[in-house]
Protein chains: 2
Amino acid sequence: MADVNPQALLGFASHNHSACVAEALAQAERVCQEHRLRFTDVRRRALGILLENHSALGAYELLERLDNEGFGSKPPVAYRALAFLVKNGFAHRIEKLNAYVACAHPGAQHDPAFLICNDCGAIAETPVSASAGRLAQTARQSGFQISRTIMEAEGQCPQCRP
Amino acid sequence: MADVNPQALLGFASHNHSACVAEALAQAERVCQEHRLRFTDVRRRALGILLENHSALGAYELLERLDNEGFGSKPPVAYRALAFLVKNGFAHRIEKLNAYVACAHPGAQHDPAFLICNDCGAIAETPVSASAGRLAQTARQSGFQISRTIMEAEGQCPQCRP
DNA sequence: GTTGAAAGTGTTATATTATATCAATTAGTG
DNA sequence: CACTAATTGATATAATATAACACTTTCAAC
């Protein structure tokens, strides 16, 4: 994946990016205070980096940037920050890419679903209710109790279409 | 994941397993003839192994079994067989597990969706029309062209529930 | 049937993603 | 302050995956 056009992100619509980063960080700050979570320097910065990118970042890419900024340089540094962010809903893991994105709807309870552009790498998170879909229906019928749903669609975003 | 109870598989319902393996292999044989695909020894055996397991198998687990049976012993042997099976719809990759399952509905065109039991490792493939869901709807509305959809739900299968 | 091109196989080597464990530090609590 | 739990950073290693090469097999053209 080449450089990502920032215009192509966040639901593939334009937006004020630095404001959106600041807003998301502030929101995370608030949530952490409320829930007595320790929003440490590495964690804050990791989220900042994901937000600045606004597309999926691999753990080792994140690690490199953290390292450049004086944080640890070894894999667990990145993986632990990511684990914290994912666990608390500030970021999501994209299984298809073995990569991570900042959450586009932090705070709100949601089953994340993603549209992944194979051309430019843009990621759009869309709020889909997993419990309402056919898969959940099938699960209920067969007595399967779903704890988490992964929904990712690959394809071409509007910007990259012919 | 411990040993998987065969009773817990294929939609979490009991079935005649050796017959189902033979039938699936025969079906694959037919499809390959129709489509002029080369269903070589490694490929056939790889599918057989996946079918016998009937739950997700990692590439290296598959490799070990192929090696034991006199096929190559190096990763590409397994990955290439898997690539063939996945490409042609005889198997699916479970992104969440970095593992592979034989397809439960070979031949038919379908968007596979999976229920993954976190306790016993059982996998059920359910025929869900991705193009009919909310995610596809959102995609259409935003001009995103979906080429492939990943749907996986983790949870507890009926056998493993309290 | 021989030949040439394409596909398949197996290997070596290496890349990429991820985790277990331990020592040192920091934050929060009584 | 003293204690505990959480966090950090490092070492080491595990698990997953692919690139590139030599050799073989298949298949179609002749």
Side-chain angles (χ1 to χ4, degrees), chain A residues 1 28-29 32-47 49-50 56-88 90-101 116 121 150 152, chain B residues 1 28-29 32-50 56-88 90-101 121 150 152:
Chain A
M1 140 184 157
E29 206 84 53
C32 285
Q33 289 212 343
E34 269 169 32
H35 293 54
R36 303 278 183 280
L37 299 172
R38 289 165 61 181
F39 201 34
T40 62
D41 287 352
V42 217
R43 290 166 177 181
R44 191 184 344 265
R45 194 58 199 116
L47 179 54
I49 291 169
L50 290 185
L57 215 55
Y60 281 76
E61 293 175 279
L62 172 64
L63 176 59
E64 192 184 336
R65 303 193 194 190
L66 289 173
D67 185 15
N68 287 342
E69 300 187 18
F71 295 99
S73 62
K74 299 299 162 31
V77 168
Y79 282 102
R80 282 192 294 229
L82 288 167
F84 172 86
L85 296 175
V86 168
K87 177 178 176 191
N88 298 111
F90 303 126
H92 300 293
R93 175 182 164 85
I94 309 293
E95 298 294 339
K96 181 67 219 304
L97 302 176
N98 294 331
Y100 305 82
V101 272
I116 305 167
I150 294 161
E152 301 174 4
Chain B
M1 138 185 159
E29 206 83 52
C32 286
Q33 289 213 344
E34 268 169 34
H35 293 53
R36 303 278 183 279
L37 299 171
R38 289 165 61 180
F39 201 34
T40 61
D41 287 353
V42 216
R43 290 167 176 180
R44 191 185 342 264
R45 194 59 199 117
L47 179 54
I49 290 169
L50 291 185
L57 216 54
Y60 281 77
E61 293 174 279
L62 172 63
L63 176 60
E64 191 184 336
R65 303 192 196 192
L66 289 173
D67 185 14
N68 287 341
E69 301 187 15
F71 296 99
S73 62
K74 301 300 163 30
V77 167
Y79 281 103
R80 283 193 292 228
L82 288 167
F84 171 86
L85 296 176
V86 168
K87 178 178 177 193
N88 297 111
F90 303 125
H92 300 295
R93 175 181 163 86
I94 309 293
E95 299 293 339
K96 181 67 219 307
L97 303 176
N98 295 332
Y100 305 81
V101 270
I150 294 161
E152 301 174 3

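Proteins come first, then strands; the chains are lettered A, B, ... in the order of their sequence lines, and each starts at number 1.
Atoms CG and CG, on A/Leu97 and A/Leu57 in that order, are 11.0 Å from each other to the nearest 0.5 Å. Going from atom CD1 of B/Ile94 over to atom CD of B/Glu152 covers 5.0 Å, rounded to the nearest 0.5 Å. Annotation: the span from B/Leu62 atom CG to B/Leu85 atom CG amounts to 8.5 Å, rounded to 0.5 Å. In this structure, B/Glu34 CD and B/Arg36 CZ are separated by 9.5 Å, a value rounded to the nearest 0.5 Å.
Contacts of B/Arg80 classified as side chain to side chain contact (heavy atoms under 4.5 Å, CB included), with partners at least two apart in sequence or in another chain: B/Pro76. Checked against salt bridge (charged side-chain N to carboxylate O under 4.0 Å, His left out), B/Arg45 has the following partners two or more places apart in sequence or in another chain: B/Glu52, B/Glu69. Every side chain to side chain contact (heavy atoms under 4.5 Å, CB included) that B/Val42 has, sequence neighbours left out, goes to B/Thr40, B/Leu66, B/Phe71, B/Val77. For B/Glu29, the side chain to side chain contact (heavy atoms under 4.5 Å, CB included) partners are B/Phe39, B/Arg44, not counting sequence neighbours. Every residue two or more places apart in sequence or in another chain that forms a side chain to side chain contact (heavy atoms under 4.5 Å, CB included) with B/Glu64 is listed here: B/Asn68.
Contacts classified as salt bridge (charged side-chain N to carboxylate O under 4.0 Å, His left out) and involving residues 90-101 of chain B (residues at least two apart or in different chains) are given here: B/Arg93-B/Glu95, B/Glu95-B/Arg148, B/Lys96-B/Glu154.
Counting heavy atoms from C-beta on, the side chains of B/Tyr79 and B/Phe84 never come closer than 4.5 Å. Within the 4.5 Å cutoff, no side-chain heavy atoms of B/Arg43 are placed close to those of B/Leu37. No side-chain heavy atom of A/Phe90 sits under 4.5 Å from any side-chain heavy atom of A/Leu50.
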Point to revise | Sugar-phosphate or base contact per nucleotide [nucleotides 11-19 of chain D; S, B, -; heavy atom under 4.0 Å] | key: B----BBBB
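Within residues 41-49 of chain B, the residues approached by DNA chain C to less than 4.0 Å at the level of any non-hydrogen atom are B/Val42, B/Arg43, in residue-number order.
Of all nucleotides in DNA chain C having an atom under 4.0 Å from a heavy atom of chain A, the first and last in 5' to 3' order are C/dT17 to C/dA27.
Heavy-atom minimum distance, A/Gly58 versus A/Ala99: N-CB, 4.1 Å. Taking both residues in full, the closest heavy atoms of B/Gly72 and B/Leu63 are given as O-CD1, 3.8 Å, listed atom of the first, atom of the second, then distance.
One end of the helix from C/dG1-D/dC30 to C/dG30-D/dC1 points its axis 30° away from the other end's axis, with each axis taken from 5 pairs and the angle rounded to 10°.
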When you compare the protein's N or O atoms with those of nucleotides 21-29 of chain D, which come within less than 3.5 Å of each other, and at what distance?
residue	atom	partner	partner atom	Å
D/dT26	O4'	B/Arg38	NH2	3.3

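At least one side-chain nitrogen or oxygen of A/Ser73 sits closer than 4.0 Å to the OP1 or OP2 atom of D/dA10.
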